[in-house]
Amino acid sequence: MFALVDGNNFYVSCERVFDPRLEGVPVGVLSNNDGRFVARSAELKALGVKMGTPAFQVRDLIRQHRVRVLSSNYTLYGDMSARVVQTLREFAPEVDVYSIDESFLGLRGLEHLGLAAYGRGIRSAVKDWVGIPTCVGIGPSKTIAKLANRAAKQVPEFGGVCDLSDPVLRDRVMQTIPVGDVWGVGAASARKLEALGVLTAADLRDVDRRQVRQVLTVVGQRVVDELRGISCLPLELVTPQQKALAVTRSFGRTVDAWEPVREAVVTYATRAAEKLRHAGLAASYVQAFCHTNPFSADPQHHGVAHLALLEPTSDTFEIVGAAVACAQRAWRRGFRYGKAGVILDGLVRPERAQRSLLGPARDPEKSARLMAAMDAINGRLGRNTVYLAGAGRPEQREWKTRFDRLSPRYTTSWDDLPVAR
DNA sequence: TCTGGGGTCCTAGGACCC
DNA sequence: TCTGGGGTCCTAGGACCC
């Protein structure tokens, strides 16, 4: 048996823990660049604001209903997420952290406690200890636990915990869930299934396995098995080694010159190299892209280029050099670019990296010492204390992403510590 | 004026081998 | 006129997730 514990309106709930004035009123959290709504309180959902709605499209509604709108405060959400996980580990020996606001728990050997009661215990502990409201779904496969969680969120009678280990209740719930809401069935698959008359989760469970394999490949077949209660997706108790890493961002406004694009790519590549070292990994390939704004009427261009590094590395200078070389090939005169990104691929543990006959591009000893010094300085004194000149001066970066309504980093910065009176 | 970011997995098709 | 069969490896692109 699996349980899925999922934070309700997670980002909004994090904000509410530290600002109780946000309780009971419509609250929304925006994506990067203050673009779209990525989290909505129940009150905001009730006003009809959908997930992913661009903020500017509902400006009047926001003003009319005094919606509290916030930029994403990822530092805060990441820290709150870690606290939730820590609490869950007190309750279950097996915790599979699936996303920032969701964890699967293995319930083997805990059945004698009564699974629904167990779920209610977890729920109230997370609320009491961390301050985050959650819902708990229970089922014999991850996919069914997901369905149960959805039911727990949508049907008030469940009181936030839905146990679908009973096949009769499970069938009843499955008949009410549209096929597109099943985990693993996206828009494209939903369209194909609906054309075949498969409309609900129950329909999908009962569909012929070979037929679904033809239409949706093995991925769809796995979903069907999971819906039948055959667990195909095991708990991932150790995080598998990361394979790729990206830093991509929309600009605060579009730019047509090369220099700002280069500055952005240097900045993103620098950040990517930091993340890489933090994970203790080295990258084999570097990729950079720049895109025009797809929503504008301007001429469109999506430029991309990649480069294989001589040897896997986590050296900022090497990665920045490769990223700029890529960006130079991707960028074209005469376009207004709105977004750029750097992607590192082929991540390996440095000690297992394939070496080159031509030797490393930089002295590994010196590089390691220099990178450690840079990381230490920026770690202690702030992110932009030392940076590459090619990134431009932070206060003069015209392309900088917008975060106009950022809340304080209540839990991770001394300067932002809440004051109690 | 204004529209997110960071990941994984699967498949098809090309390049290559004997 | 007529040109094989059986593999592996890699990558781009699509689909999906939160």
Side-chain angles (χ1 to χ4, degrees), chain A residues 4 6-11 28-40 49-60 62 69 71-74 77-78 81 96-104 142-143 146 149-150 179-193 213-223 232-233 236 239-254 268 271-272 275-276 279 281 284-285 287 289 291-298 302 304-306 308 336 338-347 401-405:
Chain A
L4 175 63
D6 186 322
N8 301 347
N9 324 323
F10 185 67
Y11 295 174
V29 175
L30 300 178
S31 65
N32 267 322
N33 223 24
D34 293 342
R36 300 168 179 262
F37 282 95
V38 293
R40 305 152 297 147
V49 175
K50 300 267 182 286
M51 184 69 172
T53 303
F56 74 89
Q57 282 179 3
V58 288
R59 221 174 18 204
D60 292 342
I62 291 171
V69 179
S71 302
S72 308
N73 188 339
Y74 294 111
Y77 312 149
S81 172
D96 172 353
V97 181
Y98 176 65
S99 76
I100 193 161
D101 70 331
E102 288 171 75
S103 290
F104 289 101
K142 282 182 166 181
T143 305
K146 273 279 212 181
N149 192 281
R150 183 186 181 280
V179 72
D181 286 0
V182 174
W183 193 37
V185 179
S189 304
R191 238 176 293 122
K192 291 181 193 165
L193 289 169
R213 174 142 196 169
Q214 274 176 2
V215 185
L216 302 182
T217 76
V218 294
V219 185
Q221 197 173 53
R222 216 149 44 201
V223 172
C232 308
L233 305 168
E236 295 193 350
T239 324
Q241 206 223 269
Q242 192 176 7
K243 297 178 174 172
L245 180 162
V247 178
T248 72
R249 215 130 275 149
S250 298
F251 301 151
R253 59 187 180 82
T254 55
Y268 302 164
R271 181 72 196 120
K275 286 164 91 173
L276 194 58
L281 297 171
S284 313
Y285 306 95
Q287 181 179 144
F289 69 79
H291 291 180
T292 48
N293 176 4
F295 299 100
S296 85
D298 293 344
H302 284 201
V304 60
H306 22 83
R336 306 182 57 80
K339 179 174 181 171
V342 173
I343 299 166
L344 306 181
D345 215 329
L347 306 192
T401 303
R402 272 194 306 271
F403 283 94
D404 290 341
R405 304 153 182 281

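Every chain is numbered from 1, with letters handed out A, B, ... down the list of sequences. The figures here come from the full heavy-atom set of this structure, side chains too, leaving out hydrogens, waters and symmetry mates.
Helical stems of DNA chain B (runs of at least 3 Watson-Crick or G-U pairs, donor-acceptor distances under 3.5 Å) are listed by first residue: B:5-18 with C:5-18.
Among the protein residues, K192(A) comes within range of no part of the nucleic acid, since none of its heavy atoms lies under 4.0 Å from any strand. Within the nucleic acid shown, R191(A) has no heavy atom closer than 4.0 Å to any nucleic acid atom. Base contact: R59(A) has a heavy atom under 4.0 Å from a base atom. Backbone-only contact: A187(A) has heavy atoms under 4.0 Å from sugar-phosphate atoms and none from a base. Using a 4.0 Å heavy-atom cutoff across all strands shown, S189(A) reaches sugar-phosphate atoms only and no base atom. If you check every strand for non-hydrogen atoms under 4.0 Å, D101(A) touches sugar and phosphate atoms only. Residue L245(A) is in sugar-phosphate contact alone, with no base atom involved, counting any heavy-atom pair closer than 4.0 Å across all strands shown. Contact annotation for V182(A): backbone-only contact, meaning every heavy-atom pair under 4.0 Å involves sugar-phosphate atoms and none involves a base.
A residue-by-residue look at N33(A) and T248(A) shows that N33(A) has its nearest nucleotide of DNA chain B further toward the 5' end. Remark on DNA chain B: of its neighbouring residues P240(A) and K339(A), the 5'-side contact belongs to K339(A), judged by nearest-heavy-atom nucleotide.
Residues A190(A) and G180(A) approach most closely at CB-CA, 3.9 Å, considering heavy atoms.
Note: W183(A) and Y98(A) have perpendicular aromatic rings, judged against thresholds of 30 and 60 degrees for the angle between ring planes.
Residues forming a side-chain contact (heavy atoms from CB on, under 4.5 Å) with P54(A) (at least two apart in sequence, or on another chain): R36(A), F56(A), Q57(A). With sequence neighbours excluded, no residue forms a salt bridge (Lys or Arg N to Asp or Glu O under 4.0 Å) with D404(A). Considering only residues two or more places apart in sequence or on other chains, R253(A) meets the side-chain contact (heavy atoms from CB on, under 4.5 Å) condition with E398(A). In terms of the ring pair (Phe, Tyr, Trp, His ring centres under 6.0 Å) criterion, residue partners of Y77(A) (sequence neighbours excluded) are, by chain and number, Y11(A).
dC17(B) sits 14 Å from dG4(C) when the C1' atoms are compared, rounded to a whole Å.
Residue-environment remark: CZ (R405(A)) stays at or below the threshold of 12 foreign heavy atoms within 6.0 Å.
Protein chain A contacts DNA chain B from dT1(B) to dT11(B), reading 5' to 3' and using non-hydrogen atoms of the protein with a distance under 4.0 Å.
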task: Apply salt bridge (Lys or Arg N to Asp or Glu O under 4.0 Å) to the pair R150(A) and D181(A), showing each step before the final yes or no.
output: CA-CA 9 Å; R150(A) 183 186 181 280; D181(A) 286 0; 2.5 Å; yes
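Counting heavy atoms from C-beta outward, L245(A) and L276(A) have side chains that approach closer than 4.5 Å.
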